[in-house]
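The sequence lines fix the lettering, A, B, ..., with proteins before strands; numbering per chain opens at 1. In what follows, every heavy atom counts, from backbone to side chain, and hydrogens, waters and symmetry copies are set aside.
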Protein chains: 2
Amino acid sequence: MRALKSIREFIEEGGKLFHPGISLDCVIFGFHDNQLKVLLLKMEHTDDWALPGGFVYKEEDLEAAATRVLQERTGINNIFLQQFHVFGNPSRSDREYQSNWLRKWNIPAGKGSWLLNRFVTVGFYALVEFSHVTPTPDNISVASEWHHLHNIDNLFMDHRKILDTALETLRWQLNHQPIGYNLLPDKFTMPELLTLYETILGKKLDRRNFRRRMNSYGILRKLKEKRKGCAHKAPYLYSFDLRKYQKALQEGLQGRW
Amino acid sequence: MRALKSIREFIEEGGKLFHPGISLDCVIFGFHDNQLKVLLLKMEHTDDWALPGGFVYKEEDLEAAATRVLQERTGINNIFLQQFHVFGNPSRSDREYQSNWLRKWNIPAGKGSWLLNRFVTVGFYALVEFSHVTPTPDNISVASEWHHLHNIDNLFMDHRKILDTALETLRWQLNHQPIGYNLLPDKFTMPELLTLYETILGKKLDRRNFRRRMNSYGILRKLKEKRKGCAHKAPYLYSFDLRKYQKALQEGLQGRW
DNA sequence: TCAAAAGTGTTTGTGGTACACCCATGG
DNA sequence: CCATGGGTGTACCACAAACACTTTTGA
């Protein structure tokens with residue numbers, strides 16, 4: 001498996017190197033400033049933004065391809081990553097855009113024609129710790145930035161739908177698996193965890209009942225330190241008990257919010 | 001979109017007609033004789049059985065392709081059908097088998113070569129009413145039969161894994177969405193519904209608590225008739241309240257077993 | 001010293017679990 | 001008339017929801 005250096009090489013050689021007809025798109029969630037963020041790539045010559053995506057090499061595992069894309073766009077290796085849906089509508093591809101794009105690069109008709117085909121795309125969603133990410137655009141985009149979840153416009157093709165489906169899946173997961181390890185720093189406070197949940201769910205929760213529920217899962221370790229510097233009473237710091245966290249991930253939590 | 005009549009045509013023209021690199025496989029669940037069944041196709045010249053599968057036409061929607069395959073293999077139109085996972089391991093394809101198979105049909109190297117490629121397959125699972133199904137083999141298999149879920153051997157390639165994953169998903173769904181409308185006849189008894197649940201979950205449930213729980217969902221209509229002919233006390237018949245059933249399908253049930 | 005946020009505790013009601021009991025039917 | 005399975009009801013306990021109170025901090 002070789003790296004593709006230039007755009008031109010990507011376009012001209014892609015047809016030989018990639019598994020045909022399939023792409024993948026990643027919805028990368030991060031949490032910062034008490035807000036849920038999504039990593040998006042700015043496309044050239046338009047106001048459109050796109051989800052980080054990519055193709056699968058001919059002998060590459062699908063999940064490995066997603067991991068690779070995530071690594072390239074964020075710099076992070078061990079990422080929580082999960083496929084959630086396949087988008088296989090034939091009209092999802094924007095072939096006019098694609099052919100314009102090829103024209104712009106003066107690619108001979110034959111070479112880049114693989115890009116003109118319809119693609120079935122597999123949607124993945126990832127949870128990452130905001131501060132560990134180095135947003136990096138790919139070779140066909142001009143910028144990579146975090147966007148506030150509720151402030152996203154002009155998404156490319158059907159990426160709006162992919163994003164919405166990912167969010168739905170994330171909310172679903174909240175009821176059945178522990179969430180937080182991948183989104184929060186190593187040490188965090190109970191109110192911060194609460195805010196994370198409230199942000200994902202889009203509604204207020206009772207902080208006291210939330211605390212009890214969280215504790216009952218047995219995946220938290222209360223530390224002796226407190227968060228300093230903030231106004232008002234200093235909250236205790238917590239960390240996840242990774243052994244129990246992993247176990248809960250596999251077995252599921254059961255419960256509802 | 002045209003029908004492919006013969007195997008030869010399928011092999012020789014498939015490369016032009018189908019979306020490349022993608023296939024789909026269906027796990028079709030039925031319920032009969034108080035047992036959970038899966039529809040399998042017998043392959044030629046081996047003891048192997050395979051999940052009903054197929055390919056996606058170039059301009060065909062993915063879900064539509066799955067619906068089409070289901071229709072062809074069962075004769076049923078309105079089927080509960082849901083994608084549950086993409087299997088994208090490059091080593092999942094059995095290329096030796098495939099090339100032997102091509103040799104057997106004396107297909108010139110070029111024509112059938114699309115079949116020698118790796119395929120990423122999308123797994124769908126379906127719930128069907130057993131008695132409505134007419135098992136029909138496809139043009140590359142010799143028989144189509146229902147198999148008892150716990151009595152399945154010799155599955156082709158990674159179809160064992162696909163089946164297991166489907167069952168896992170079905171059990172998962174049981175906790176969050178109503179099940180039964182697609183698996184049971186229009187009129188059924190509470191003990192029958194109970195047995196269905198027990199079969200899927202693989203464990204015994206308390207019939208009295210089960211009844212209460214089911215009633216609390218509000219998706220059942222108790223009829224005035226009773227099932228006759230069986231020994232012992234005659235049980236009441238029920239049917240699903242479709243409006244409320246559909247609503248519960250969308251909104252989810254919440255709860256655990 | 002006061003507002004705002006964090007930590008701890010209490011009450012109440014719903015619903016899950018584990019049962020006991022009666023009813024109907026065929027042998 | 002009795003074994004077997006179907007239908008109805010109840011006691012108990014856990015847990016979730018709603019809410020009150022105390023503690024700590026910075027301005």
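Separating the OH atom of B:Tyr236 from the C1' atom of D:dG5 is a distance of 15 Å, rounded to the nearest angstrom. Residue A:Asp206 contributes atom CG, which lies 11 Å from atom P of D:dA20 at whole-angstrom precision. Spacing between atom CZ of A:Arg227 and atom P of C:dA4 amounts to 22 Å, rounded to whole angstrom units. Rounded to whole angstrom, the span from the CE atom of B:Met214 across to the P atom of D:dT8 amounts to 16 Å. Atom-to-atom, CZ of A:Arg211 to P of D:dA18 comes out at 18 Å; the value is rounded to the nearest Å.
Checking C:dA6, D:dG7, C:dG16 against the side-chain heavy atoms of B:Arg213 singles out C:dG16 as nearest. Distances were taken from every side-chain heavy atom of B:Arg212 (C-beta onward) to each of D:dG26, D:dG7, C:dA18; the shortest belongs to C:dA18. Of the candidate nucleotides C:dC19, C:dG7, D:dG7, C:dG7 has the atom nearest to the side chain of A:Pro235.
Looking at B:Arg243 and B:Asp241, no side-chain N of the basic residue comes within less than 4.0 Å of a carboxylate O on the acidic one, giving no salt bridge.
Relative ring orientation between B:Phe130 and B:His32 is described as parallel, the plane-to-plane angle staying below 30° on a 0-90° scale split at 30° and 60°.
For C:dG7, its base sits under 3.5 Å from the side chain of A:Arg207 at one donor and acceptor pair at least. With hydrogens and angles ignored, a donor-acceptor pair under 3.5 angstrom links the side chain of B:Arg208 to the base of C:dA20.
Taken to the nearest 0.5 Å, the OG1 atom of B:Thr189 stands 12.5 Å off from the NZ atom of B:Lys226. Atom CZ of residue A:Phe188 and atom CG of residue A:Leu220 lie 5.0 Å apart, to the nearest 0.5 angstrom.
Counting non-hydrogen atoms under 4.0 angstrom, B:Lys222 reaches the backbone sugars and phosphates but no base.
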